[in-house]
Number of protein chains: 2
Amino acid sequence: MYRDAHVGETAVGGAALALPASCAACPVRDSAICCVLDRSGLAALSRFGRRITLPAGQTLLWEGEEAITVGNLLSGMLKLSTLTGDGREQIVGIVHPSDFIGRPFGRNSPHSVTALTDATLCVFGRTAFDRFAQEHAAIGQALLERTLIELDRARHWMLLLGRKSACERVASLIVEIADRADGGPTIDLPLSRQQMGDILGLTIETVSRSLTRLKRAGVIALPSLRRIAIRKPDELRAIAEG
Amino acid sequence: MYRDAHVGETAVGGAALALPASCAACPVRDSAICCVLDRSGLAALSRFGRRITLPAGQTLLWEGEEAITVGNLLSGMLKLSTLTGDGREQIVGIVHPSDFIGRPFGRNSPHSVTALTDATLCVFGRTAFDRFAQEHAAIGQALLERTLIELDRARHWMLLLGRKSACERVASLIVEIADRADGGPTIDLPLSRQQMGDILGLTIETVSRSLTRLKRAGVIALPSLRRIAIRKPDELRAIAEG
DNA sequence: CGCTAGGTTGAACTAGTTCAATAAGTGTGG
DNA sequence: CCACACTTATTGAACTAGTTCAACCTAGCG
């Protein structure tokens, strides 16, 4: 399904200080977790990494199944999701480029990992990566800091899910995506209304109605289906905070 | 407010292999994060730890304020909580004995930490602990594993908050507490109805009604206000899963 | 014994869901 | 380039789970 050439092959000629071939071309080499490694660590890690592509909609890891891979997202966007016994879905996280993917030090994946857009990843076998992380304290440390930030984010989202109204939730999502994209006032969302609902714990219809309410209030504009223009950022933020 | 004697004072007479005085008496010494340290590491860590008591209702760390302390919970129970702009509360985590408390590697606390019952803690200055964790890989590693588990837990809770009905939420909470307490079929909850509501994203009334519905269905019994007897564990679990 | 805080129950209300119809994009082949 | 099907989004109307507000219990305690 997804396969590609080994990334490894440390620098040709054995010059220990050269960047591994594929890492040199890595779009997130300054921001992914590997950026804490020195040249030799990078070479060692890249030896068992491989680059893969994941078409939109395809699932990399299934909830409850054995979690055999971890890695970095290079481009595109992924979702992390869980299901209730009877199939209701909740998205529990969005993965952006340079974010770490997977569950080190645990046999089974606590949630599914699925591509929202076409995506490219740099993946490692979990057990090999676990071993590597234990030998290279810098990676363990970086992983810890990232995990702590993810935990903060997840808990912050719990406030949204537990206590905010539909409009507040939609406003929060727009703010969050705008902050992450960190571009102009117009954002391109990689999410369908259904997916927005799955993130916010709402139905499609409620998401749609909330968007039109925000639009009617002049806080945002909807130039196209997957595009949102923020007209009154402060007001939007105020609504989002509850 | 809360103060006590220094914990430290490595073993009297300088026998390097002796357990630090207060660690020997520590109720969670085999399960708290320090259990990954060897004698000398433990001695070094205990040198800047202090034991404190926190009466029920008192707050150790405030959301958004500087997070000066980290530590372990020795006895009692704490809650982690956040507020919306207009004061609605959401509990984002429950801390049990031997759990780690606080936010290493971050200046500000992402949520408040408050005692649900009278509690005793073993606390450290955050910056000193951060430094210690960076020097002792085992602690960093253990912290990482705990944080990953907490993250899994938080994300699992997001499913509850986003997609489950009131009854399913209440059932889930009972199951969760029963699993943690890991005792018989009767559990003692350290939570008021209000606090249950704040955990589940519900009002007191809805919590109460859900409990009586579960009681009427014969799934649980309520021998006293703060006590729940599980009558049909399987059915309870089935309801909790959704 | 009566007071108070915490808990339950009831009745009215409302935010959000559900179900159904309509509209707007998107893509394909003639 | 348009007609067609098809998916995705919006809107409307009926419904329902959960909230809100208020009254009423119950247990603990001076």
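Residue numbers start from 1 in every chain, and the chains themselves are labelled A, B, ... in the order their sequence lines are given, proteins ahead of strands.
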Here the pair of heavy atoms bringing B/R103 nearest to B/V70 is N-CG1, 4.0 Å
Angle separating the five-pair end axes of the helix from C/dC1-D/dG30 to C/dG30-D/dC1, nearest 10°, is 30°
Any ion pair linking A/E176 and A/R169 (charged N to carboxylate O, less than 4.0 Å)?
no
Per-nucleotide protein contact along nucleotides 3-21 of chain C, 5' to 3', at a 4.0 Å heavy-atom cut-off (B base, S sugar-phosphate only, - neither), is ----SSBBB----SBBB--
* Asked: Taking the six-membered ring for Trp, are B/F129 and B/F105 ring centroids under 6.0 Å apart?
  -> no
All heavy atoms of B/G162 vs all of A/L161, minimum pair found to be CA-CD2, 4.1 Å
Expected list for residues 80-94 of chain A near DNA chain C, using heavy atoms below 4.0 Å, is none
Those residues at least two apart in sequence (or on a different chain) that pass side chain to side chain contact (heavy atoms under 4.5 Å, CB included) with B/S75 are B/T120
**Prompt:** Do A/S172 and A/K164 have a side chain donor and acceptor closer than 3.5 Å?
**Reply:** yes
For residues 106-114 of chain A, which side-chain donor-acceptor pairs fall under 3.5 Å, sequence neighbours excluded?
residue : atom : partner : partner atom : Å
A/S109  : OG   : A/H111  : O            : 2.6
A/S112  : OG   : A/E63   : N            : 3.0
A/T114  : OG1  : A/T59   : OG1          : 2.9

Rounded to whole Å, CE of A/M196 lies from C1' of D/dT8 at a distance of 14 Å
When rounded to whole Å, the CG to C1' distance for the pair A/L189 and D/dA9 reads 13 Å
Using residues 234-242 of chain A as the side-chain source, report each donor-acceptor pair under 3.5 Å to any protein atom, sequence neighbours left out, with the distance given to one decimal.
residue : atom : partner : partner atom : Å
A/R237  : NH2  : A/D179  : OD1          : 3.0

**B/D198/B/R88 salt bridge by N-O under 4.0 Å criterion** = no
* To do: Starting from the C-alpha separation in whole Å, work towards a yes-or-no answer on side-chain contact (heavy atoms from CB on, under 4.5 Å) for A/I228 and A/L222.
  => CA-CA 5 Å; A/I228 296 178; A/L222 302 167; 3.8 Å; yes
